[in-house]
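See below for the structure under consideration.
Note that the structure is a prediction, hence the values are computed from the model and not measured.
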2 protein chains.
Amino acid sequence: MSKNSASETAAIADAAPSDMVRKPRVREQKGWRHKDAVSLLRQMILSGELAPGYALREVAISERLGMSRTPVREAFRTLAAEGLVELLPNRSVVVAELDENESIDVFSVLGTLESLAGQQACQRMTPEQLERLEALQREMEEHYNNHDRASYIRANRAIHELMVEGSNNNALILAWRLILPRAERARSVNTLDRHRWAEALEEHRKIFAALAARDGLRLSSLMQDHFARGVIERMTDTKFKNRVRVRAGSAERAAEPVAD
Amino acid sequence: MSKNSASETAAIADAAPSDMVRKPRVREQKGWRHKDAVSLLRQMILSGELAPGYALREVAISERLGMSRTPVREAFRTLAAEGLVELLPNRSVVVAELDENESIDVFSVLGTLESLAGQQACQRMTPEQLERLEALQREMEEHYNNHDRASYIRANRAIHELMVEGSNNNALILAWRLILPRAERARSVNTLDRHRWAEALEEHRKIFAALAARDGLRLSSLMQDHFARGVIERMTDTKFKNRVRVRAGSAERAAEPVAD
DNA sequence: GGATTAAATCTTGCATCCAAAAGTGATCAG
DNA sequence: CTGATCACTTTTGGATGCAAGATTTAATCC
């Protein structure tokens with residue numbers, strides 16, 4: 001046994017000459033450092049704080065996060081796989097561009113995916129999941145009645161997610177999760193107007209009914225409709241025209257997103 | 001200038017004391033080492049050489065690839081984002097499991113995505129792309145007449161890809177590319193029987209016609225049908241029942257895949 | 001013998017270090 | 001002044017080193 005363990009070295013440290021002690025490199029944090037980097041960077045990209053075309057320098061980010069470059073570089077790979085950044089050989093990593101159809105495109109994909117998810121959820125969703133869905137639907141209605149926008153949106157998100165999970169289709173869930181963040185990014189300035197809100201709620205009632213009746217075809221067409229209306233509303237919304245400006249905007253907080 | 005360059009050090013190496021020379025760490029390869037790791041590991045997972053549940057050890061892989069652990073770890077992040085491996089904290093990276101519906105699930109997702117892609121391609125595909133598509137269609141027909149299976153499949157793949165690209169929808173392309181490898185994995189033992197082959201070709205003729213006519217609705221339903229038939233054929237195919245065995249199989253070569 | 005646990009070993013997570021590539025000026029010819 | 005060239009700086013790609021967690025092995029107790 002030629003090598004002392006760290007604890008042994010530390011124990012005799014103050015009695016030994018200084019070249020015998022070694023500063024122990026402690027791993028202070030649990031979990032994964034690179035996960036933190038992924039969440040922070042994703043958040044910053046989605047909120048627009050890091051604008052498209054922005055070059056990410058490893059040292060700056062690692063210093064900001066108090067970690068070395070290694071986990072930051074790992075985070076870049078994850079973000080690249082999500083299509084949020086582009087890797088340039090021997091050059092900086094660059095925030096992916098948004099093209100002008102981004103919003104329509106993203107919602108059309110999300111729409112078809114959720115339409116399929118609904119269809120499959122009709123066949124595969126467990127009674128427990130359906131029960132939970134009913135509870136969420138009730139909760140959402142309540143938030144609507146209380147004009148509690150934020151809570152409504154949260155419940156709405158949970159419903160959509162639960163339905164996708166109810167499809168029990170791993171590939172579908174994977175693709176959906178991949179696209180979802182882009183929706184946040186694309187719709188960052190859209191808000192939910194009063195009329196559309198009421199309409200969306202009514203659509204959700206029908207969607208739930210179709211799920212409960214396990215009527216896949218009907219659900220599929222309801223979902224298509226639900227998304228189509230959402231996107232159209234976004235396009236004709238006067239606020240929509242401001243969207244492109246967000247690209248350049250830096251640390252500004254994203255507006256409350258619209259519910260689907 | 002206190003520090004010698006690596007080349008200078010090497011030049012005087014045999015005349016100098018051995019502690020003065022330092023083995024220069026050369027960056028022998030262009031491109032990214034981690035890209036190599038991604039392709040190899042992906043290939044091995046898709047072919048079944050690395051079976052689900054298999055734990056990947058960093059050192060073993062880095063040695064096999066003649067690189068250090070760093071790029072291998074980066075490759076793991078990419079594969080994790082693709083859902084091909086699962087990261088366990090402080091534990092090995094594990095090849096993702098295949099569930100029993102994998103094949104149906106993956107093709108249903110691919111089907112809806114391509115259906116949407118076709119619809120959007122009708123509106124957005126450039127004349128150049130359409131021309132290229134026509135050439136590919138002719139090429140594919142030729143391969144069919146020559147009974148050149150491998151070439152047929154290659155052309156078929158190219159057509160599907162070109163159509164998806166023709167949608168010009170980044171989110172859609174991203175999701176499609178994410179799922180595509182899983183299709184390879186799911187269908188590894190399926191082959192293309194003579195009857196289905198002729199049928200598939202006929203479907204492709206109609207698909208091309210709809211694209212050329214820019215008839216999005218018709219194209220959408222044709223795609224759905226194309227995929228539905230493919231999947232149904234797979235399910236009733238007697239060879240299908242062997243699929244589950246492949247999970248355990250190790251380095252066996254995957255069979256020629258079916259065309260969609 | 002089987003359960004428990006402490007020590008040795010292995011593997012991961014990350015910091016750090018080095019060389020190559022890219023970027024940045026400064027210098028100089030025209 | 002413009003453009004080319006070369007030294008210097010910055011930044012990336014990846015190899016190496018080390019400590020913490022996980023795993024295996026050995027030892028001990030009941």
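Regarding Leu88(A), its CG atom lies at a distance of 16 Å from the P atom of dT11(D), rounded to whole Å. The CD atom of Glu58(A) sits 15 Å away from the P atom of dT16(C) (whole-angstrom rounding). Across the protein-nucleic acid pair, Glu74(A) atom CD and dA15(D) atom C1' stand 14 Å apart, rounded to whole Å. In this entry the distance linking CH2 of Trp32(B) with C1' of dA20(C) reads 15 Å, nearest Å. Atom pair Asn90(A):CG and dG13(D):P shows a separation of 6 Å (rounding to whole Å applied). To the nearest angstrom, P of dT12(C) lies 20 Å from CZ of Arg33(A). If you take CZ of Arg57(B) and C1' of dG13(C), they are 17 Å apart, rounded to a whole angstrom. Atom CG of Asp36(A) is separated from atom P of dA15(C) by 11 Å (rounded to the nearest Å).
Arg42(B) and Glu184(B) are not joined by a salt bridge, as no carboxylate oxygen comes within less than 4.0 angstrom of a charged side-chain nitrogen. In summary, Arg91(A) and Glu86(A) do not engage in a salt bridge, as defined by a charged side-chain N under 4.0 Å from a carboxylate O.
For Ser68(A), counting side-chain heavy atoms from C-beta on, the closest listed nucleotide (dA15(D), dT16(C), dG14(D)) is dT16(C). Set against dT12(C), dG13(C), dT12(D), the side chain of Arg77(B) has dG13(C) as its closest nucleotide.
At the heavy-atom level, Arg73(B) lies under 4.0 Å from base atoms of the strands shown. Residue Leu87(A) is out of contact with every strand shown, counting any heavy-atom pair closer than 4.0 Å.
Comparing Arg91(B) and Thr70(A) against DNA chain C, the residue whose closest nucleotide sits nearer the 5' end is Arg91(B). Comparing Arg69(A) and His34(A) along DNA chain C, the residue whose closest nucleotide (by nearest heavy atom) sits nearer the 5' end is His34(A). Each of Met67(B) and Val59(A) has a nearest nucleotide on DNA chain D; the 5'-most of these lies closest to Val59(A).
The nearest pair of heavy atoms linking Phe76(B) to Ile61(B) is CZ-CD1, 3.9 Å.
Within the 4.5 Å cutoff, the side chain of Arg33(B) has no heavy atoms near those of the Thr70(B) side chain. The closest side-chain heavy-atom distance from Val106(A) to Asn170(B) is not below 4.5 Å.
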